[in-house]
Every structure is written in C-alpha cells, then in structure tokens.
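A short worksheet on the structure shown next.
These figures come from a predicted structure and were not determined experimentally.
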Amino acid sequence: MIKKNVEINIESGIHTRIAAMIVDKASQLKSKYNVNIYIKKSNSSSQPLAISMLALLSLKIKQGEIVEFYCKNNSLAAEKALFEICEFVNIDLNDNNMSKIDAIIQENTIANEQIISNIPIGIIVIDTNSHITSVNEYALRIIDDCLENVCGKYITDIIPTSDLPTIVKNKEHHLGKIQHINNNIVIVNRAPILGKNNKILGAIGIFQDISELIGIKELNEKFIKILEASHDLICFVNDDRKISYINPAYEKNFNLSKNNILGIDLKAISPNGLRMKAFKNRKKLDNIIYKKDNIDLISTVEPIFIDNDFKGIISISRPVNEMKELLNKLEKSEEELNYYKDEIRRQALLNGSFQDIIGTSGCLKEVLYISEKASHSTSTVLIRGESGTGKELIAKAIHYNSDRSEKPFVRVNCAAIPENLLESELFGYEKGAFTGAYKSKPGKFTLANEGTIFLDEIGDMPLSMQVKLLRVLQEMEFESVGGIISKKVDVRVIAATNRNLEEMMKNGEFREDLYYRLNVISINLPPLRNRKEDINLLSEHFMKKISKKLNKKIKGMDAACLKYLEQYKWPGNIRELENIIERAINMCEDYVITTKDLPFYITNINKEKNHLINLKNDEILPLEKYEKEIISLAMKKYGSYNKAGKALGVTHRTVALKCKKYGIIKDE
C-alpha cells in the first residue's frame, strides 16, 4: 500500500460540488490506470474509504486539514494515479461564480445533516465495500460507541448481526426486519443506494428500538432481564439463518463471546445440528439429549411464526449435569419435607413449650425446673422414666425453649428401627452404597443440623451403633454409609429411656463411656401413680382435647369417676390415662362422664373384699400357695377325697396326691 498526503486549501472544504469533482476525477484515473483510490484524514484512526460521494461527505474535510490518498497495490500506475489526484486537489477549485451555488448546496447539506443527526431513528450508511460512511447520534447510542471509532469500519465488525452487505450485493430491500443490536431489539428497514443507471453506491439501514414504542418499553425491559437472568442457554436464529442473539448463560457455558458468533450463518457453525434441522423442517424438537463440545445437553428447538410468517428459531438448552444436581437437591429437599410432614401429622404441630406440660405436683415442678435450666444449655440431656410418662414432651419443651427453637427437632425411635437399618437412618447413605441405593439419602443427624435430635429408647440401641454414636457425641462428625468424607454437624442431643441403664452396663449391654457421655443432665420423670394430684388437671385437659377431635360436647366427669382414676395404679401412666378418657368419651351418652363409661378393671378396684382371692400388700403369690390353701379348705369342709374332688371339679385321686404333696392331713 502506498500513500500521498495533501493539504486541502479549498476555502469551504470538500463540500458537495467539490466532492463530486473529486469522485469524477478518481473515476477517470481508475479507467486510466486501473487502480482504486482511497482517502482518509491523516489524524484519523479509521480505515481508508474508497472515494465516493458518501465517503467524502462523511469525512467532513475542512480547509487546512491534511488528507491521505491510498492505493493498495504498490505499482508505477498507482504512483501516477496518486500524483494526479493530489495535483488535481491542489489546484484552486474555488470559483467565485460558483460561490452562491456552493452556499446554497452547503446550507442544504448542513440542514440535511442536522435532520439526520437529530431524527429519533437510527441511520447507518455504508459504501460499496461495506464500510460505514455515515451514522447518526441515535444509531451511535444503540451501538454504544462514538463516531471516530465506527466510521470507516467494516459494518459487521461494529454490528455483527447487520445484513447491509447483502443489500449491497443483491440490491434487495428489507422491510420490518427484527434485529438484535447490543442487547437492543430493533425493527429495521434496509435499502440499496442507487445512482445513475441503477449503479450501486452503497446501502442504508434505518432502525428503531422496539422498547421506545408506546406500551412496549416496560415489556421489552422485562424480556431482556428474563433472558439475561435465565440459567438456560438461549439462542435466536433469524429467518436468514443467522444467529441474532445469545444470552449470557450461553456465552459462559461455551466460553465464547457474542461478538464472535452474532451474524454468523448457522450452517457455518453447526450444519448438522438440531437448530439446522428445526430451521429446515419448521418443526419443534422437544427435550432432545445430545453432546456438544463434550457437554451433555438437553435441548428444545422451536420455530417462531408471526402471523404465519416464519421468523426464525429459538433454542433453549441446559447441561444434563446441572439438571442432575438440581434433581439431587430436589430429592434431598423432598426427603426433608416428607420427614417434617410425618412429624406434623404425628404431633399436630405441638409447640413444645413448658406451658403445655400439665400438673402442679411437687415432683413435676422439680422436673420442670431442671428442664428449664437444661433448655438454656447445649449439654446432652438424658430423660428417664416409665413408658407413657411424657419423655418426648419434655424433650420438645427443652428444644422449643432453647436458642435452637427455630431449627429442626428430629425424633428417632431406636427401638423401632431394625439394627441393620439404624446406621443408615442416623447417618444417611450415598448412592450405590448397597443394593437398592439408587440415590443418596440424608440421615437424621444431617436433618437435625443446628437443631436437636431426640434419641428415644436409647437403651435399645445395639452395641455396634453405640460406638458410632459415641464418636458423634465426642467429635460432632460422622461418615454416611458408603461415604468417605467426614461430615461435621452441630446437633444438640437429648436421649430418653425407660430401661435400667446401670443394670445394662453390669451385664455388658450398654457402654459405660456412652452412658457418662449421655448422662450430663439427668431428668427423672415420675410415674402417674406418684402424681395423684395431677390426675384431675390431666383429665380435664384430655376431655377438652379429645371432645373437640370427636366432635362431642363433654362438660366433665362426676366425682365417683375421678375417685376411681385416683385409686388406679396406672402402669401405662399418662398415655394410658389419655386412652381411658378417649374411651370414656366414646362411651358417654350424656354430657358428663360417669362410672359406667370407665373400663371394668378401673371401677372394680374397691370391690377387692368380695374377690375369691384377697391380695396381701398388693403382692401376687405363687400358684402352689393358692392351690394348697383351697385344697386345705375343701378337705376341712368335706372330710373325704371324693367329696372334696367333686366340689373342686377334679378326681379324688388328684385330691389325694395334692394332699400328700402339700402335707395336708385328712381328718378322720
């Protein structure tokens, strides 16, 4: 490439008439020397433009400015052409007789430039080589660049989605086309610029941002935000088969820039892909799994029709591994949700505060005092008491009165879970850990993280699990079944049992180190038979609660009923009392529970004097003792084996043998 510089001495610069003369001269030189001449300002960083009216007027060359004329081939003919064009420009082209005409032309040119600059639509003009010769302020705002950086550049270097080169090539007109420019959606018209004899001079693109149309701006903003925020990989291909838009997720996933792909023909990128297939067939491809750039994808490709006119296609894809991760998270969430649903059904959202624990007896107040103190600590608690005394209720009260009340309370019944499943229930398991483990499952310790885990019936935990539990209590970490990485947890442990752990330690059934680790704060729940004064309050509570559930209007119970309840020994404790109240409400035909509504074994307590056998100190003796006594009484009354046997319903021989066995002497 060779060049020559020349200073413009024309008083009004290169205006329309002068530009026409220079273009005519350049055309003559091309015919004479067979070379193309290019021009640019010497202080400009833009590319040289082929000499044309569009190019010369777009440069706005003023008097005193230096311009550079170029020829791309370094030949003698090129040097002669450059010499002649410079000589021609150096000639004083000012003609006083033309000054009035120049003034009119100049005013008209300035007016046109101001109109084009301020008109609220974008205008871009290119020459026959597809270089930008003119661009107005509106278009620069959409492009987000300045005039110095875009003028003279190849159009698709500035706007990759531009189709103006096609207009120059085919002299086509495009009306109402949708185009993406720098994250803006515009509607564009394109047309060729034709000269004399239908000669192509360049092309013009006129466009407007759709968002500026009334009623669409807000919708467009939301649409753009949705596309940019989506984790799906989204790509638009226009009806000319060129990629017109990709969202940030698409760029990130395939590690590419939109500037390197927008405006590219789909055939050049993926000639045999799903998008090309959908483009050709105009049919939707739904949830297709395939591999691209060593990434497994699941994609949907759908054609876009507006008023039955085909406008291109949209592809929406997502990496399969990302969907697997989401699925695993969903499964874990479902496991947690199902657990909490079960807990809600089982206890009807019991809030667990100490106010729900009913009773005024001294032994209960002592329990509540210790429990309240324990709720303000993170130490391990061991709750002991007979079955049905309310161990879980106390555990919940401690949790919901603590700083962990907003975190999970997870209950595990160690006696109800088979030994071979207990480890996986407590610590969870990994996918493939054993046959049937098709997915990972979190354990109860994971679910209880930052909350409380209640280990009910801890005395029934097998020795093998006691060792693993001890490690969790000491280190607060564990490995899931099939896992190799230790998981840290922050869990407050409350255990409960109705068994004699001290006796179990002597027999080797319970680890001594685990016992002392659990027995930091010990709470002993009294049986109901030691809380006689609380039976009335508990009965009233259960009557209100169960009446509402059974939709029965029970006002209370008579004094005789309460007396029977207070005299009963309650081997099943509070749970048994609740069941008896529920039975009585079901049996009651009036508004007050009476003795006829209570079970027979409750109301028969005071009739013990009429029993065939009277107990001494409530103790049951061995069967032989009763047998000896009844045979002795029969022999005293009847005097013979035969008569005694008939009275007792046995043979005389049986009576004789029993007398011999027990040393009963027959009266003669």
Compare all side-chain heavy atoms of Pro248 with those of Tyr250 and state whether any distance is below 4.5 angstrom. no

Run the numbers on Leu297 and Val320 for side chain to side chain contact (heavy atoms under 4.5 Å, CB included), then give the verdict. CA-CA 5 Å; Leu297 299 172; Val320 173; 5.5 Å; no

Check the side chains of Tyr290 and Ser299 for a donor-acceptor pair under 3.5 angstrom, ignoring hydrogens and angles. yes

Over 12 foreign heavy atoms within 6.0 Å of NZ, Lys311: yes

Does some side-chain heavy atom of Val301 sit less than 4.5 Å from a side-chain heavy atom of Lys284? no

Nearest heavy-atom contact between Ile234 and Asn247 is N-OD1, 3.0 Å

Audit row: Lys396, Arg411, side chain to side chain contact (heavy atoms under 4.5 Å, CB included) steps and yes/no: CA-CA 10 Å; Lys396 284 188 174 182; Arg411 176 183 179 272; over 6 Å; no

When you compare the side chains of Ser361 and Asp534, does any donor N or O come within less than 3.5 Å of an acceptor on the partner? yes

Any ion pair linking Lys549 and Glu582 (charged N to carboxylate O, less than 4.0 Å)? yes

Quick one: are Val489 and Glu477 in side-chain contact, heavy atoms under 4.5 Å? no

Checking side chain to side chain contact (heavy atoms under 4.5 Å, CB included) between Ile581 and each of Glu540, Met543, His541, Glu576, which is the one that passes? Met543

Could you tell me the separation between the CD1 atom of Ile289 and the OG atom of Ser317, rounded to the nearest 0.5 Å? 12.0 Å

I'd like to know if Arg404 pairs up with Asp490 as an ion pair, taking the criterion as any Lys NZ or Arg NE/NH1/NH2 lying under 4.0 Å from an Asp or Glu carboxylate oxygen. yes

In terms of ring plane angle, is the pair Phe409 and His399 parallel, tilted or perpendicular, where the classes change at 30° and 60°? tilted

Can you find a pair of side-chain heavy atoms, one from Leu528 and one from Leu577, that are under 4.5 Å apart? yes

Is the backbone N or O of Asn272 less than 3.5 Å from a side-chain atom of Ser270, with the two atoms forming a donor-acceptor pair by type? no

What closest approach, in Å, do Ile394 and Ile523 show between heavy atoms, and which atom pair accounts for it? CG2-CD1, 4.5 Å

Rounding to 0.5 Å, atoms CD1 (Ile316) and OG (Ser230) come to a distance of 7.5 Å

Can you name the nearest heavy-atom pair linking Ala448 to Ile453, along with the distance? CB-CB, 4.0 Å

From CG (Leu598) to OG1 (Thr594), nearest 0.5 Å: 7.5 Å

For Lys544, is there any backbone N or O sitting under 3.5 Å from a side-chain donor or acceptor partner on Ser547? no

For Ile313, does its backbone N or O pair with a side-chain atom of Arg275 as donor and acceptor, under 3.5 Å? no

Nearest heavy-atom contact between Ser539 and Met557 is CB-CE, 4.1 Å

Short question: side chain of Ser405, backbone of Asn401 - any donor-acceptor pair under 3.5 Å? no

Indicate yes or no: does Asp456 engage Lys391 in a salt bridge with an N to O separation below 4.0 Å. no

Is the number of heavy atoms from other residues, nucleotides or ligands under 6.0 Å of Lys365 NZ greater than 12? no

What distance do Arg492 atom CZ and Ile494 atom CD1 have between them, rounded to the nearest 0.5 Å? 5.0 Å

Hey, is the main chain of Glu502 close enough, under 3.5 Å, to the side chain of Asn500 for a donor-acceptor pair? yes

May I ask you to establish whether Lys441 and Tyr429 are in a cation-pi arrangement, using a distance under 6.0 Å from NZ or CZ to the six-membered ring centre and at most 45° from the ring axis? no

For the CD atom on Gln474, are there more than 12 heavy atoms of other groups (residues, nucleotides or ligands in this structure) within a distance under 6.0 Å? yes

Given 3.5 Å as the limit, does a donor-acceptor pair link the side chain of Gln466 with the main chain of Met461, or not? yes

Determine, step by step, whether Val481 and Glu430 satisfy the side chain to side chain contact (heavy atoms under 4.5 Å, CB included) criterion, reporting the C-alpha distance in whole Å, the side-chain angles of both residues, the deciding distance to 0.1 Å, and the verdict. CA-CA 6 Å; Val481 177; Glu430 302 298 324; over 6 Å; no

Do Ile357 and Leu393 have side chains that approach each other closer than 4.5 Å (heavy atoms only, starting at C-beta)? yes

Heavy-atom count check: over 12 atoms from other residues, nucleotides or ligands less than 6.0 Å from Lys252 NZ? no

Measuring only between side-chain heavy atoms, which start at C-beta, is Val367 closer than 4.5 Å to Pro526? yes

If you take all heavy atoms of Lys258 and Glu251, which pair is closest and at what distance? N-OE1, 3.0 Å

Between Leu473 and Leu514, is the side chain to side chain contact (heavy atoms under 4.5 Å, CB included) condition met? List the steps. CA-CA 9 Å; Leu473 295 176; Leu514 177 59; 3.7 Å; yes

Testing the 3.5 Å rule here: is there a donor-acceptor pair between the side chains of Ser244 and Asn238? no

Would you say the side-chain atoms of Trp570 pair up with the backbone N or O of Asn530, donor to acceptor, closer than 3.5 Å? no

What heavy-atom pair brings Ala249 and His231 nearest, and what distance separates the two atoms? CB-O, 3.8 Å

Tell me, please, whether Tyr515 has Arg511 positioned over its six-membered ring: NZ or CZ under 6.0 Å from the ring centre and within 45 degrees of its axis? no

Sole residue of Arg471, Lys468, Lys487 in side-chain hydrogen bond (donor to acceptor under 3.5 Å, both in side chains) with Glu479: Arg471

Flag side-chain contact, heavy atom, 4.5 Å: Arg531 against Leu364: yes

Is the backbone of Pro527 close enough, under 3.5 Å, to the side chain of Asn573 for a donor and an acceptor to pair up by distance? no

Take atom NZ of Lys553 as the centre, draw a 6.0 Å sphere, and report whether it contains more than 12 heavy atoms from other residues, nucleotides or ligands. no

Report the C-alpha separation of Thr497 and Arg384 in whole Å, then their side-chain angles, then the decisive distance to 0.1 Å, and conclude whether the side-chain hydrogen bond (donor to acceptor under 3.5 Å, both in side chains) test is met. CA-CA 5 Å; Thr497 184; Arg384 308 182 69 167; over 6 Å; no

Do Thr389 side-chain atoms and Glu386 backbone N/O form a donor-acceptor pair below 3.5 Å? yes

Quick one: does NZ or CZ of Lys292 land under 6.0 Å from the six-membered ring centre of Phe254, within 45 degrees of the ring axis? yes

Are there over 12 heavy-atom neighbours, none belonging to Lys267, within less than 6.0 Å of that residue's NZ? no

Within a strict 4.5 Å, meaning less than it, do heavy atoms of the Phe478 and Leu469 side chains meet? no

If you count heavy atoms of other groups shown closer than 6.0 angstrom to CG of Asp403, is the number above 12? no

Taking Ser375 for its side chain and Glu372 for its backbone only, find out whether a donor-acceptor pair lies under 3.5 Å. yes

Within a reach of under 6.0 Å around CG of Asn507, are more than 12 heavy atoms found that belong to other residues, nucleotides or ligands? yes

State the CG-CD distance between Leu562 and Gln567, to the nearest 0.5 angstrom. 10.0 Å

Would you call Glu475-Lys488 a salt bridge at under 4.0 Å N-O? no

Given the options Asp597, Thr603, Thr595, Ile602, Cys561 meets side chain to side chain contact (heavy atoms under 4.5 Å, CB included) only with Thr595

